[in-house]
Amino acid sequence: MSKLLEVRNLRTYLQSGGRQVRAVDDVSFSIPKGETFCLVGESGSGKSVSALSVIRLLPEGVASHPTGEILFNGQDLLKLDDPGIRAVRGSQIAMIFQEPMTSLNPVLTIGEQITEALQIHHPNMSDEDAQERTMLALEQVQIPQASGRFRDYPHQLSGGQRQRVMIAMALACEPQLLIADEPTTALDVTVQAEILRLMRKLQDDTGMSMLFITHDFGVVAQMAQWVGVMQQGKLVEVGASSEVLHKPQHTYTKQLLAALPENLAKPVLVQTQQQPEQVAANPTPLLQIRDLKVWFPIKKGVFRHTVDYVRAVDDVSLDIPQGQIVALVGESGCGKTTLGRAVLQLEPPTSGSIQIDGQELIGLSARELRPMRRKMQIAFQDPQSSLNPRLLVETTLTEPMKVHGIGANQEERIELASQLLESVQLNRDFLWRYPHEFSGGQRQRIGLARALALNPEFIVCDEITSALDVSVQAEILQLLLNIRQQRNLTLLFITHNIGVVEYLSDQTVVMYQGKIVERGETAQVCGRPEHPYTQKLLSAVPRLVM
């Protein structure tokens, strides 16, 4: 088996705050020609630093390599000078980054960016030849109407199209090795399926090798012949994907696989499914939505006349019983988040009715709505941006209590906040820290604690596990189920992760282009979908078949 890349005993140390961090610690692996090697592991395990070390994109003043070799076609990349590595980078080894919007230049058209890359590596290539090669690259990645897209800017493309442009740019110079760093993490499941199919096809057509970084074991099962599992800078397990995924040897690999939603044991909750006698005793749903519309006007012309509407939520009706978790799924732009925000009156509805506990919300003034805010809260997708970086956790939790008159004094509110932190499995001493002092999973727990601070009856959870590692995601899901049982909470759980839906929710609602196209018990919707869109959504989910 001919090896294109061999990494031997690589160490990458980073200087941070006057101390040395062993980001990559004695790592060895190889990638055969024409095959894919997947690096998996949690955030901070060293996956991306390993990839950046291979292509030598780490800043020299910060990163150092005390030991190791990176052999590409037998040549040690660590020994090349700057002109030597620039000759390899881009033309022989290319990289696709996780977030295309921040990787693409917003002031250059996509055509200009690809032709620039081509002419840097082929200085004698004419403008006409570069444009022709660019068009071919865009057609290779199946950009619709490639000739018309040549002069488009990145913001004019969808997320999936931007990722295709990144792939086109990486493949334009026909590299032998493609490094893909979480290229599908931010994409909808259907777009992800298209990108993965495209990458496999391009690999078959060109014979290139791939170093693929991901935390999704379903993607690993689809893409990789070889897998390496990283933990704290070390490669703890390496082998053929079939062996590592189905017969893991290392304890850490077993823990990661056990944390997948499909492998979690759902706890037996006390009457969580709203048994018939409970429903009969309380026939009125906690939340009733009737004929809800949220339309955004499209204005054109000098006088900004309304010429049409974006129908983000279009004639939606939905009942959510007390104590149930209802999953709302669909692709980006289908109206999921807009519906959640409209229910909480964070987005003014165009028409319709929203009732909680029989109280109509639409039409209430801000003053009339304030008492209702205690009953309904939201946990946001990104706790980093939703928590005020200047406030202590104590202030974040006690301020809403003070506004709504909870607690006789500040000491009592601090005690309530301490109990809240313990309820989300955090130490009460964390009250006196700032958000930046916590990990992503801990910040998400603080966000949940803030949502629980007013003892609400209903919470909207908007993609709260999408940015989390699989093990942290498992902890948050189990925590939600425990809180639901303890408080008889009702949750609208917005997500695109079908594995999470199957584990967590009692009912599933599928949205498509602003409308609900299917709803029902989760087992029925996920197991026997009726609507073609639901079938397409479920068939696109990459699964690890155990």
Side-chain angles (χ1 to χ4, degrees), residues 158 160 187-194 218 261-262 266 272-274 276 279 283 285-295 310-343 347 349-355 381 458-466 477 480 484 490-543:
S158 69
L187 302 179
D188 291 317
V189 65
T190 50
V191 180
Q192 173 181 262
E194 292 172 5
E262 54 264 39
K266 191 166 182 176
T272 57
Q273 301 294 323
Q274 290 291 325
V279 174
L286 174 70
L287 180 71
Q288 290 182 303
I289 302 171
R290 293 290 179 270
D291 307 319
L292 183 66
K293 294 180 181 178
V294 183
W295 291 7
V310 174
R311 293 164 173 79
V313 177
D314 195 15
D315 201 24
V316 165
S317 296
L318 178 66
D319 288 344
I320 303 182
Q322 176 76 42
Q324 287 213 351
I325 299 176
V326 174
L328 185 61
V329 300
E331 296 174 291
S332 297
C334 71
K336 305 188 302 292
T337 297
T338 303
L339 175 59
R341 290 174 60 85
V343 168
E347 196 69 65
T350 305
S351 64
S353 169
I354 302 172
Q355 295 185 7
Q381 179 173 358
F458 173 72
I459 297 180
V460 174
C461 298
D462 189 4
E463 298 273 15
I464 64 170
T465 62
S466 64
L477 295 179
L480 279 174
R484 187 269 292 265
T490 306
L491 302 179
L492 179 62
F493 195 91
I494 299 170
T495 184
H496 64 264
N497 189 328
I498 301 300
V500 169
V501 170
E502 293 172 332
Y503 171 72
L504 186 72
S505 66
D506 304 304
Q507 295 185 42
T508 298
V509 176
V510 183
M511 280 193 79
Y512 178 60
Q513 295 184 348
K515 295 181 179 291
I516 291 176
V517 297
E518 188 162 356
R519 73 184 82 194
E521 298 295 320
T522 294
Q524 188 274 321
V525 173
C526 293
R528 300 178 301 279
E530 296 178 358
H531 195 276
Y533 176 72
T534 312
Q535 294 168 359
K536 176 187 173 185
L537 207 60
L538 289 167
S539 66
V541 178
R543 294 185 183 272

*Asks:* Closest heavy-atom contact between E530 and E518?
*Replies:* N-OE2, 2.9 Å
*Asks:* State, yes or no, whether a side-chain contact exists between S505 and V500 at a heavy-atom distance under 4.5 Å.
*Replies:*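 Of all side-chain heavy-atom pairs linking V500 with S505, none is under 4.5 Å.
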*Asks:* Rounded to the nearest 0.5 Å, what separates atom CG in D462 from atom NZ in K336?
*Replies:* 8.0 Å
*Asks:* Would you name the heavy atoms of P349 and L292 that are closest together and state the gap between them?
*Replies:*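 It is CB-CD1, 3.6 Å.
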*Asks:* Check for a donor-acceptor pair, side chain of Q535 on one end and backbone N or O of P529 on the other, with a separation under 3.5 Å.
*Replies:*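 Yes; at least one donor-acceptor contact below 3.5 Å.
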*Asks:* Using a 4.5 Å cut-off on heavy atoms from C-beta on, say whether the side chain of Q324 contacts that of Q507.
*Replies:* yes
*Asks:* A quick test of your reading: do over 12 heavy atoms of other residues, nucleotides or ligands sit less than 6.0 Å from OH of Y512?
*Replies:*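 No, OH of Y512 has 12 or fewer neighbouring heavy atoms, counting only those of other groups under 6.0 Å.
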*Asks:* Spell out, as yes or no, whether a donor-acceptor pair under 3.5 Å connects the side chain of T490 to the backbone of G323.
*Replies:*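 Yes, T490 side chain to G323 backbone: donor-acceptor pair under 3.5 Å.
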*Asks:* Can you tell which of V525, T534, V509 makes a side-chain contact (heavy atoms from CB on, under 4.5 Å) with R519?
*Replies:*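 Looking at V525, T534, V509, the match for R519 under the side-chain contact (heavy atoms from CB on, under 4.5 Å) is V509.
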*Asks:* Any idea which heavy atoms bring C526 and I498 closest together, and the distance?
*Replies:*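 Smallest interatomic distance, heavy atoms only, reads SG-CG2, 4.3 Å.
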*Asks:* Would you say that L286 contacts I320 through its side chain, given a criterion of any heavy-atom pair below 4.5 Å between the two side chains?
*Replies:* no
*Asks:* If you round to the nearest 0.5 Å, how far is CG of L339 from CD1 of I289?
*Replies:*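 Spacing of CD1 (I289) from CG (L339) equals 5.0 Å.
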*Asks:* Could you tell me the separation between the NE2 atom of H531 and the CG atom of L537, rounded to the nearest 0.5 Å?
*Replies:* 11.5 Å
*Asks:* Just so I know, are the side chains of V541 and E502 near enough to count as touching, which here means a heavy-atom distance under 4.5 Å?
*Replies:* no
*Asks:* Can a donor-acceptor pair be found, under 3.5 Å and without considering hydrogens, that links the side chain of D506 to the backbone of I325?
*Replies:* yes
*Asks:* So T495 and I464, do their side chains get closer than 4.5 Å, heavy atoms only?
*Replies:*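 Side chain of I464 against side chain of T495, heavy atoms only: no contact under 4.5 Å found.
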*Asks:* What pair of heavy atoms forms the shortest contact from V316 to G514, and how long is it?
*Replies:* CG2-O, 3.5 Å
*Asks:* Does any pair with a residue in residues 312-330 pass salt bridge (Lys or Arg N to Asp or Glu O under 4.0 Å), and if so which ones, sequence neighbours excluded?
*Replies:* R290-D319, D314-K515
*Asks:* At what distance, to the nearest 0.5 angstrom, does CG of L480 lie from OH of Y503?
*Replies:*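 Taking CG in L480 and OH in Y503, the distance rounds to 9.5 Å.
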*Asks:* Quick one: pull up OG in S332 and CD in E463 and give me the separation to the nearest 0.5 Å.
*Replies:* 7.5 Å
*Asks:* Shortest non-hydrogen contact from V294 to A342?
*Replies:* CG2-CB, 3.8 Å
*Asks:* In the structure I gave you, are the side-chain heavy atoms of S353 and D291 within less than 4.5 Å of one another anywhere?
*Replies:* no
*Asks:* Distance-only, no hydrogens or angles: does the T350 side chain make a donor-acceptor pair with backbone N or O of W295 under 3.5 Å?
*Replies:*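 Such a contact is found between T350 side chain and W295 backbone.
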*Asks:* With respect to V510, which candidate in V501, I516, V517, L328 satisfies the side-chain contact (heavy atoms from CB on, under 4.5 Å) definition?
*Replies:* V517
